[in-house]
Amino acid sequence: MKILSFDVGIEQILYADNLEGVRLPDKTDGLPRSEEHLDRHLDSVLQTPTIEHDLLNSLKPDIKDKTLLNPVSYHAVMESVQQDLMALTSDQNTDSNINEVLSFFKGERELINLLNTYRGLLLKA
């Protein structure tokens, strides 16, 4: 026994003796363009998301500005943010959260310097 289901309903019914000017509708939204597209569509429909998949996707950062992945621009942005925070702490009373962020930047700078030192030692060896 086959069960049929239709995603798109009937738009209109034409009764005419002359069918020369009649053509199919232009809407092809639900129609697959190729067999490969159909396979991908079926895989996406039949693939049930798992908790592991959701957790892994939640851990991936959504980086809108991909230039930050370049070390030179990353260091420049980090430097400018740190300078802005230093200026903010000099103008107002120091907040514990700002001091915590500044200590993070100090630790990050120390780790980058350590990484550069190790990289230099490896290049010499």
Side-chain angles (χ1 to χ4, degrees):
M1 179 176 173
K2 287 187 177 180
I3 298 174
L4 298 176
S5 66
F6 298 99
D7 293 333
V8 180
I10 297 173
E11 285 188 12
Q12 64 182 358
I13 298 175
L14 297 174
Y15 294 103
D17 295 334
N18 187 4
L19 298 176
E20 289 177 12
V22 178
R23 60 184 178 84
L24 292 175
D26 292 333
K27 288 174 54 174
T28 57
D29 299 344
L31 299 177
R33 294 194 177 139
S34 68
E35 235 177 79
E36 179 181 321
H37 178 72
L38 180 62
D39 290 342
R40 279 188 279 137
H41 181 68
L42 282 175
D43 287 342
S44 68
V45 168
L46 297 176
Q47 180 182 7
T48 56
T50 62
I51 293 174
E52 180 183 0
H53 180 65
D54 290 341
L55 285 174
L56 288 176
N57 283 340
S58 68
L59 292 176
K60 292 179 184 176
D62 183 26
I63 301 173
K64 294 184 185 357
D65 187 10
K66 301 285 186 194
T67 59
L68 285 177
L69 299 177
N70 183 356
V72 174
S73 62
Y74 173 77
H75 294 301
V77 168
M78 216 174 107
E79 191 71 30
S80 70
V81 169
Q82 186 175 10
Q83 288 175 358
D84 291 344
L85 284 174
M86 296 281 278
L88 185 65
T89 57
S90 66
D91 292 343
Q92 301 173 353
N93 295 335
T94 57
D95 187 16
S96 63
N97 292 336
I98 294 176
N99 287 333
E100 188 177 335
V101 171
L102 283 173
S103 67
F104 164 76
F105 278 114
K106 181 181 177 186
E108 181 75 11
R109 181 181 305 279
E110 289 172 359
L111 287 173
I112 289 172
N113 288 339
L114 183 64
L115 176 70
N116 289 333
T117 302
Y118 287 155
R119 187 178 293 142
L121 288 173
L122 283 172
L123 287 174
K124 287 180 183 178

To the nearest 0.5 Å, tell me how far Leu56 CG sits from Glu52 CD.
-> 5.5 Å

Report yes if some heavy atom in the side chain of Glu108 is under 4.5 Å from a heavy atom in the side chain of His75; otherwise report no.
-> no

Here the pair of heavy atoms bringing Asp65 nearest to Thr67 is OD1-OG1, 2.7 Å

What is the distance from atom CD1 of Ile112 to atom CZ of Arg119, rounded to the nearest 0.5 Å?
-> 10.0 Å

Enter the distance from Ile63:CD1 to Leu69:CG here, rounded to the nearest 0.5 Å.
-> 4.5 Å

CD/Glu110 to CG/Leu115 distance, rounded to the nearest 0.5 angstrom?
-> 13.5 Å

May I ask whether Leu114 and Leu121 are part of the same hydrophobic cluster, defined by side-chain heavy atoms of I, L, V, M, F, W, Y residues being less than 4.5 angstrom apart, directly or through others?
-> yes

Hey, is CD1 on Ile51 packed in by over 12 heavy atoms from elsewhere, all under 6.0 Å?
-> no

Say you draw a straight line from CG of Leu85 to CD of Gln82; how long is it, rounded to the nearest 0.5 Å?
-> 8.0 Å

Could you tell me which non-hydrogen atom of Met78 sits nearest to which non-hydrogen atom of Arg109, and how far apart they are?
-> CE-N, 4.2 Å

Which distance, rounded to the nearest 0.5 Å, do you find between the CD of Gln83 and the CZ of Phe105?
-> 11.0 Å

